[in-house]
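Scroll down for the structure; my scribbles are underneath it.
Throughout, a chain's letter reflects where its sequence line sits, starting with A, and its residues are numbered from 1. Note: hydrogens, waters and symmetry copies are ignored here, and every other heavy atom, side chains too, is used. Computed from a predicted model, the values in this text were never measured in an experiment.
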Amino acid sequence: MITTMALRFPSRLLSQLKLSRRLHSLPAPLSEDSDDESLKFPSNDLEGSYIPVDRRFYNTLLKKCTVFKLLTQGRIVHGHLIQSIFRHDLVMNNTLLNMYAKCGSLEEARKVFDKMPERDFVTWTTLISGYSQHDRPCDALLLFNQMLRFGFNPNEFTLSSVIKAAAAERRGCCGHQLHGFCIKCGFDSNVHVGSALLDLYTRYGLMDDAQLVFDALESRNDVSWNALIAGHARRCGTEKALELFQGMLREGFRPSHFSYASLFGACSSTGFLEQGKWVHAYMIKSGEKLVAFAGNTLLDMYAKSGSIHDARKIFDRLAKRDVVSWNSLLTAYAQHGFGKEAVCWFEEMRKGGIRPNEISFLSVLTACSHSGLLDEGWHYYELMKKDGIVPEAWHYVTVVDLLGRAGDLNRALRFIEEMPIEPTAAIWKALLNACRMHKNTELGAYAAEHVFELDPDDPGPHVILYNIYASGGRWNDAARVRKKMKESGVKKEPACSWVEIENAIHMFVANDERHPQREEIARKWEEVLAKIKELGYVPDTSHVIVHVDQQEREVNLQYHSEKIALAFALLNTPPGSTIHIKKNIRVCGDCH
DNA sequence: GTAGGGTTAG
């Protein structure tokens with residue numbers, strides 16, 4: 001058994017520990033009265049040959065297991081430890097508990113906790129943080145309550161863990177209460193507690209409260225800056241996030257991949273491409289290595305801003321690629337309509353020994369669906385199941401989309417009926433959309449009924465059904481949809497487009513009449529219109545949802561927000577510059 | 001012996 005243990009530890013670890021000789025003086029593992037099979041060690045005849053090992057030895061081993069997440073080896077150490085004189089040692093048990101918690105085995109951590117003859121505030125804190133770090137916020141909060149009831153005082157370690165849990169568990173909504181508690185204990189301005197607290201406030205959308213906590217910190221570090229930057233980035237507060245980034249630099253803090261990941265994500269989702277490029281340039285100049293976490297977001301930023309080539313360059317330059325890097329690349333190709341390339345890279349990924357996860361399959365399925373690769377898409381759907389990945393609702397959405405786009409609406413319907421899960425609203429929406437594309441009124445109406453039942457507040461499906469009826473000339477049915485929308489108070493989300501010019505974002509809505517440059521914009525658009533008509537442009541009015549004559553429909557089309565944004569951008573940028581227009585909803589066929 | 005911030009899809 002001793003030999004087994006020596007073999008189970010990587011030799012690198014052993015030499016690091018210089019323990020190979022000492023390992024042989026380990027006590028022989030004996031069976032314990034534990035009800036957990038995994039903690040049992042076969043008893044042998046060595047009961048009498050117990051040799052004590054000092055606490056530092058166990059401590060070092062457990063710490064190594066914790067750092068390198070060596071759960072199996074940790075269990076072996078545990079097996080030996082419970083035979084030693086340290087089996088009831090408080091600190092040793094806390095270390096053991098921490099090993100299980102950090103390795104993500106919360107069940108074993110809990111068993112250790114439950115069996116401990118003596119506990120202190122570190123014991124409680126260790127398990128609370130284990131739950132908090134492993135996505136079990138409810139358990140963390142529950143245990144915190146028990147800790148208080150048992151009369152233990154939480155410290156700054158406990159509080160930061162509890163606050164992290166509360167931030168993840170929105171139903172509890174105990175943020176302000178916890179903040180008050182921190183003030184009472186005098187920990188509210190502690191940098192760890194404060195960072196967790198301001199992160200919590202940003203997740204609740206209480207940005208002013210977050211700022212107050214940040215301003216009150218006794219000291220700031222990169223984590224507190226990053227927490228605030230990330231908070232604003234998540235809520236599309238890109239300008240504020242960039243401003244904070246400048247503040248961070250002014251105060252002499254070095255941004256990390258945490259800062260960059262947040263900023264790239266924010267720039268990408270709000271269309272601040274130039275600013276995003278500036279941050280990227282800063283990152284290069286500061287000598288920061290392009291690691292996957294920030295690099296993946298950067299790749300995504302370039303892909304979403306329309307440059308698949310830059311996205312690909314980032315992928316090539318990544319110091320080390322993880323599964324997310326591959327998924328981001330696949331998604332980039334899928335979004336750009338390069339289905340075949342996505343399929344090639346998916347195969348490349350598998351050849352390289354990277355195991356595709358559920359998102360990899362989702363990306364490759366999306367790519368096939370968008371490029372009309374029906375057979376390939378079906379092949380990957382089957383492969384996913386063979387690989388042991390259980391399809392989830394989003395995969396079914398993509399398969400319905402795949403079949404629907406290819407025009408096989410009946411097969412799509414059959415697929416929905418035979419799915420092992422209850423169809424979600426998104427699945428019916430995919431079928432509805434396919435019916436719009438292939439002008440199938442009857443099935444479209446059937447799919448829409450299901451959508452209305454499952455997601456009555458989404459205006460999109462009402463508009464699609466209206467369009468299906470309108471384009472088929474069934475105006476009475478179309479009017480009925482419109483009436484229903486009015487009655488149920490469902491409003492179409494107003495379309496808006498925005499464009500970045502000289503580090504500022506300009507936003508437009510359709511028929512924008514209040515813009516100071518509205519006359520110049522209109523003139524510019526007339527100019528563009530004349531030119532494109534000369535080149536053969538014919539207005540596509542098939543999706544105009546207003547019941548009007550052809551000429552009026554054409555006029556309506558001309559004031560869509562993306563056209564106004566384009567005219568504005570042409571007026572305000574030097575000739576030949578790249579113009580990126582972003583839009584909150586799908587671009588209409590004519591504008592496209 | 002215990003703590004806080006980040007990514008891909010939809």
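Whole-Å rounding puts the A:Glu156 CD to B:dA3 P distance at 12 Å. Here the C1' atom of nucleotide B:dT8 and the CE atom of A:Met349 are 10 Å apart, to the nearest Å. Here the P atom of nucleotide B:dT8 and the NZ atom of A:Lys320 are 20 Å apart, to the nearest Å. Rounded to an integer number of Å, the gap from OH of A:Tyr131 to C1' of B:dG4 is 21 Å. One interatomic measurement links the two molecules: CG of A:Asp120 to C1' of B:dT2, which rounds to 9 Å at whole-angstrom precision. Between A:Leu318 atom CG and B:dT7 atom P the separation is 16 Å, expressed in whole Å. Between A:Ile128 atom CD1 and B:dG4 atom P the separation is 12 Å, expressed in whole Å. Taking atom CG on A:Leu127 and atom P on B:dA3, their separation rounds to 12 Å, with Å as the unit.
Across all strands shown, A:Arg321 has no heavy atoms under 4.0 Å from either base or sugar-phosphate atoms. Among the protein residues, A:Thr366 comes within range of the sugar-phosphate backbone only, with heavy atoms under 4.0 Å from sugar or phosphate atoms but none that close to a base. A:Val191 comes within 4.0 angstrom of a nucleotide base, judged by non-hydrogen atoms across all strands. Note on A:Glu392: nothing from the nucleic acid sits closer than 4.0 angstrom, heavy atoms only. Using a 4.0 Å heavy-atom cutoff across all strands shown, A:Asn155 reaches at least one base atom of the nucleic acid. Within the 4.0 angstrom heavy-atom criterion, only backbone atoms of the sugar-phosphate kind lie near A:Lys304; the bases stay farther away.
Nearest nucleotide to the A:Ile359 side chain, out of B:dG4, B:dA3, B:dT8: B:dT8. Checking B:dA3, B:dT8, B:dT2 against the side-chain heavy atoms of A:Val324 singles out B:dT8 as nearest. Side chain of A:Ser328, nearest nucleotide from B:dT8, B:dG4, B:dG6: B:dT8. Among the nucleotides B:dG6, B:dG4, B:dT8, the one closest to the side chain of A:Thr331 is B:dT8. For A:Thr297, the side-chain atoms get nearest to B:dT7 when compared with the rest of B:dG6, B:dT8, B:dT7.
Residue A:Gln133 has a polar side-chain atom (N or O) positioned under 4.0 Å from OP1 or OP2 of B:dG4. Between B:dG6 and A:Arg203, a contact under 4.0 Å exists linking OP1 or OP2 to a side-chain N or O. Contact annotation: A:Lys102 side-chain N/O to B:dA3 OP1/OP2 distance is under 4.0 Å. For A:Asn98, a side-chain nitrogen or oxygen approaches OP1 or OP2 of B:dT2 to under 4.0 Å.
In this structure, A:Arg321 forms a cation-pi arrangement with A:Phe315, its terminal cationic atom sitting closer than 6.0 Å to the ring centre and no more than 45° off the ring axis. By the 6.0 Å and 45° rule, A:Arg220 does not stack over the aromatic ring of A:Phe253.
For A:Ser105 (side chain) and A:Ala101 (main-chain N/O), no donor-acceptor pair under 3.5 Å exists by modelled atom type.
At a cut-off of 3.5 angstrom, counting only N and O atoms as typed in the model, there is a donor on one side and an acceptor on the other between the side-chain of A:Asn221 and the base of B:dG4. Between the side chain of A:Ser195 and the base of B:dG4 there is at least one donor-acceptor pair of N/O atoms closer than 3.5 Å.
Salt bridge A:Asp458/A:Lys429: present, at least one basic N to carboxylate O contact under 4.0 Å.
Each of A:Val451, A:Asn433, A:Leu454 was compared with A:Pro461 under the side chain to side chain contact (heavy atoms under 4.5 Å, CB included) criterion, and only A:Val451 meets it.
Centre separation under 5.5 Å together with a plane angle under 30° holds for the ring of A:His192 and the six-membered base ring of B:dA3, marking them as stacked. Evaluation of A:Phe157 against the base of B:dT2 yields a stacking contact (centre distance < 5.5 Å, interplanar angle < 30°).
The heavy-atom pair separating A:Ala109 from A:Leu97 by the smallest distance is O-CD1, 3.0 Å. Closest non-hydrogen pair, A:Ala430 versus A:Asp401, comes out as CB-N, 4.2 Å.
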